[in-house]
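Worth saying up front: this structure is predicted, and the values here are computed from it rather than measured. Numbered from 1 within each chain, the chains take letters A, B, ... in sequence-line order. Excluded from the calculations below are hydrogen atoms, water molecules and symmetry mates; all remaining heavy atoms, backbone and side chain alike, are included.
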Amino acid sequence: MNGVSISPLMVAEPISGYNIGTMTEERWVEVLVDNPGVATDDSAQPPVPGIRAEEEKLYTYRVPDGLEVKAGDILSVPFASQILGGVAIRLLRQPPTNVAVNRIRDIEDVVAKEFFRDSYWKLMERVSEYYFTPLIKVIRTALPPGLLGRSQSRIRLKPENIPNGAEVFLDSAAREILQILKTQQNGDYSIKFLRPKVRGFNRGKKQLLQRGWIESYLELPRHSRPKTKPAVTLLEDGSYLELTKRQQEILKVLRDNRGDLWLSELMEICKTTLPTLKTLQQKGCIAIQDREILRKEQSPDIAADRAKTLTPDQTQALETIVSLNGFATVLLHGVTGSGKTEVYLQAIDPIIQQGKSALVLVPEIGLTPQLTDRFRARFGSKVDVYHSALSQGERYDTWRQMLVKEPQIIIGTRSAVFAPLPNLGLIILDEEHDSSFKQDSPIPTYHARKVATWRAELENCPLVLGSATPSLESWIDSNSQLPHSVETRLIASLPNRVNSRPLPPVEVVDMRQELQQGNRSIFSRKLQAALQELEERQQQGILFIHRRGHSTFVSCRSCGFVMECPNCDVSLTYHYHEGEEAQLLQCHYCNYTQIQPKSCPECGSPYLKFFGSGTQRVEQELAKQFPNLTSIRFDSDTTRHKGAHRDLLTKFVNGEANLLIGTQMLTKGLDIPQVTLVGVIAADGLLHLSDYRASERAFQTLTQVAGRCGRGDDPGKVIIQTYTPEHPVIEAVEKHDYESFIQVELEQREALNYPPYGRLILLRLSSVDAIEVQNAAQIIAVSLSSGEGYEILGPAPATILRVANRFRWQILLKFEPNVLPKMPDWEQVRQICPSSVSMTIDVDPLNMM
DNA sequence: AGCACGCCGACT
DNA sequence: GTCGGCGTGCTC
């Protein structure tokens, strides 16, 4: 049996030094409540470590007899008419003076025992400060979902109290409520759902309550709880007691299994029933107790694997990392296929030996199956994954498991940077240039790389940033004049691939010439020849296209009308569904879907034309021109369900298809040795995006996708198709020349004060009312002049003004480098912003659309 | 979530 | 002058 006992979770020191009193003494606790309202405060609070009193309001509660509360516990507290989650901040021996004692309420429950250590609290506070986010919201993102529970109030129909035909005497609101309630079997709905559906809801509800036709009740928060299973333990040998033969047999089975079995296992082996075992329990021979079990993502069994021999470059990089004692960051710049993962594995090994834990952060879950398998092969059950695709139970259990002091390795995405590992010895952030480490919404709009840097500093451990195409931020740390800057920064390089394999040659094809010479296919003659060769040799390849779907827009040949999304200012993408009669048009911003019309809705012409190509189109064209080549489509349409990534990749690795056709998703860390061809169908979609980061992103994506080939014994080849072969990004990718590309790019950024030189803060404003946002943006822009050290760009409408029926405006603050700025008065800005307009402050924005 | 409070427009 | 709608702030 493999029960895991998670005993004292206590890894933390109390946040404050207050001792709790005895059971008879009255005890109070100050709580940071997860209150949906804005956390602004006027009254002065006593200073509490870890809490900025001027911004976060604390509420005092009484601790009832029979409950033990410590600082750092997650609590359930009554708040007005609801039950909310909260964090115990500090204990008081005396009641507070600023609030009447008779108004103080009792704590409802302790949900989780304390776990916040000093350094963890400091991390929370630093994130809160840097990203202008209330502390409780930072805590909310750091904790597994469902831990800070919230009650829900609901109403329920009481049909037995409703006389026939009496509805006529009610007003319209009450009648509407009744009507909705009756649509459901048990007439039960949440207030949250009903209120926006009925005008004058409060009035109507009051009427119905007075007559007793409905009742209201509070649904208590459903917290994640440990899953338990009954287990049987042998207590007494039992030989001196008078036992039946049957009972003795059962005890023998238990004894043979080291005196411990799951109840279900024991009943199965002995073919016995629960009453029989209960009798044994009464005689004091055995104990039946619930024991915690861990819900974990099931992974296939993996053959164990030993450390590989390193190249001299790898050895040097490894030495740089393992020689570090305490905080430092190492940028591991290794070309694609240079064996960064092996360096990670060998860097983690001594950390585990020392009894410490390691945190490995990866961009997206798409690439984790391969990486996770390699870690499991090396470290076995010490490896756990943590990401948002886990079920709530799995996430909660893994999170609790992390609190145990045993050395472990956690592999996770962005949010795992908050993994509460008590003795962290190393943080690795792989593919550090990847933009999925940045959260766009909700606040805090944190970048896991930045948070990881702070975390490493606070835990006093090294941080390794790995990439073949490092971000400009990591390449030069320009922020040294800002607080929390990196003090020790090292670079380790892996300039060559393992086993002396060369980087694949990159050929650029000018698609303008193809067209001139009469080739109207989406495949150039060079790519066609390469595909032909692939077919003859039965090899495998990858085709990359930057969009999913079939065609990027559908337009009428007669009148030029373009099919557009009714909710967003974008054209609809055509999606082809094989075997279906009707084909669909889909919006990639709000997911609006409609059937492809047979004729133009504007002029009625039946001649509709599809422009631009996506993954589906490539798939179709391939099937048409190369019927003998088989393919797998790998994009967010085909990898949506759980385990789909792994399934599709396994099929490909097993040689069940010649080609993998996909989007960005397949640029990320895929390591399949037999790939000998990479084709980029159209690089132009990547090159001409309108923000200051477009070149950097295009270079990274193209280099990464090119790096997927030639990793095995057969040499590889990359073909990039484009209409602008003279573009500097294309030239740099062709020459595999990261350093000169980055030099040019850095010079341009410096000239314009863009990151990594000047910092940016983006204010995003949106509303259903087009005029209201625009006005709000104007007023806010004016109020932003209260600060100093930055330039205000805008307000300007967002690149796509309307998404999901909301109009979006933005204001960009560009900070001068080398000047400590005076921030605008955000509190004032928030007050100026009307409630109908939603505003988010995006610090260090990556996505400017 | 739900109540108190306060502002403003429609009616006695 | 008063009633009742709804927008805003507060809850230990």
Side-chain angles (χ1 to χ4, degrees), chain A residues 26-46 48 51 53 55-64 67 69 71 73-110 134-136 148-156 171-174 176-177 188-210 214-222 767-769 772 776 827 830-838:
Chain A
E26 280 203 293
R27 303 162 300 167
W28 293 269
V29 59
E30 286 182 317
V31 181
L32 181 61
V33 181
D34 184 23
N35 165 2
V38 207
T40 42
D41 189 20
D42 42 323
S43 70
Q45 292 278 341
V48 178
I51 293 284
E55 282 182 39
E56 316 281 348
K57 182 159 179 169
L58 300 179
Y59 292 88
T60 312
Y61 287 84
R62 211 176 64 86
V63 182
L67 273 189
V69 172
D73 287 359
I74 301 285
L75 307 173
S76 238
V77 293
F79 192 81
S81 54
Q82 326 169 65
I83 307 285
L84 297 179
V87 183
I89 297 301
R90 71 167 177 181
L91 295 143
L92 304 173
R93 277 176 298 187
Q94 253 135 54
T97 50
N98 58 343
V99 54
V101 182
N102 59 6
R103 287 180 59 207
I104 297 180
R105 303 222 253 165
D106 279 8
I107 280 170
E108 175 81 14
D109 202 3
V110 179
L135 188 60
I136 189 69
L148 287 170
R150 182 170 299 185
S151 66
Q152 207 189 33
S153 62
R154 308 177 64 89
I155 53 173
R156 183 194 291 145
D171 83 16
S172 65
E176 268 181 69
I177 296 171
D188 187 318
Y189 276 101
S190 77
I191 304 281
K192 203 179 168 183
F193 174 84
L194 288 170
R195 192 189 301 282
K197 293 205 160 32
V198 180
R199 269 186 75 80
F201 174 80
N202 281 345
R203 183 166 27 89
K205 193 190 85 175
K206 206 181 234 170
Q207 261 183 39
L208 293 170
L209 276 173
Q210 270 169 4
I214 59 167
E215 62 180 350
S216 74
Y217 69 101
L218 204 63
E219 193 188 63
L220 293 177
R222 292 182 313 242
S767 168
V768 286
D769 186 318
E772 230 170 343
E827 233 19 85
R830 272 191 239 265
Q831 272 170 29
I832 289 171
C833 185
S835 56
S836 60
V837 176
S838 87

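For the OP1/OP2 pair of C/dC12 and a distance below 4.0 Å, the side-chain nitrogens and oxygens of A/Arg105 include at least one atom meeting the criterion. Between C/dC10 and A/Lys57, no contact under 4.0 Å exists linking OP1 or OP2 to a side-chain N or O. In terms of phosphate contacts, A/Ser153 brings a side-chain nitrogen or oxygen within less than 4.0 Å of OP1 or OP2 of B/dG2.
Rounded to whole Å, the distance from OH on A/Tyr61 to P on C/dT11 is 10 Å. Regarding A/Ile104, its CD1 atom lies at a distance of 10 Å from the P atom of C/dC12, rounded to whole Å. For the pair A/Ile83 CD1 and C/dC12 P, the computed distance is 11 Å after rounding to whole Å. Per the geometry, CG belonging to A/Asn98 stands 13 Å off P belonging to C/dC12, to the nearest Å. Rounding to whole angstrom units, CD of residue A/Glu219 and P of B/dA1 are separated by 12 Å. Nucleotide B/dG2 holds its P atom 13 Å from the CG atom of A/Leu84, rounded to whole Å. Spacing between atom CZ of A/Arg195 and atom C1' of B/dC3 amounts to 11 Å, rounded to whole angstrom units. With rounding to whole Å, A/Phe79 atom CZ is found 13 Å from B/dC3 atom C1'.
Within 4.0 Å of A/Thr60, counting heavy atoms only, lies at least one base atom of the nucleic acid. At a threshold of 4.0 angstrom between heavy atoms, the contacts of A/Lys206 with the nucleic acid are absent.
Taking only side-chain atoms of A/Arg203, from C-beta outward, the nucleotide of C/dG5, B/dG2, C/dT11 with the closest atom is C/dG5. Listed nucleotides B/dG2, B/dA1, C/dT8 differ in distance to A/Ser835; the shortest reach to its side chain belongs to C/dT8. Out of B/dA1, C/dC12, C/dT8, the shortest distance to the side chain of A/Ile191 is found at B/dA1.
Contact annotation: the side chain of A/Leu32 approaches that of A/Leu58 to within less than 4.5 Å [non-hydrogen atoms, C-beta and beyond]. You'll find the side chain of A/Arg27 stays beyond 4.5 Å of the side chain of A/Val69, heavy atoms only. Contact annotation: the side chain of A/Glu108 never approaches that of A/Val77 to less than 4.5 Å [non-hydrogen atoms, C-beta and beyond].
Listed by chain and number, the residues in a salt bridge (charged side-chain N to carboxylate O under 4.0 Å, His left out) with A/Arg203 are A/Asp171 (sequence neighbours excluded).
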Next on the checklist: As a quick check of understanding, evaluate side chain to side chain contact (heavy atoms under 4.5 Å, CB included) for A/Ile214 and A/Tyr189, giving each step before the final call.
Outcome noted: CA-CA 11 Å; A/Ile214 59 167; A/Tyr189 276 101; over 6 Å; no

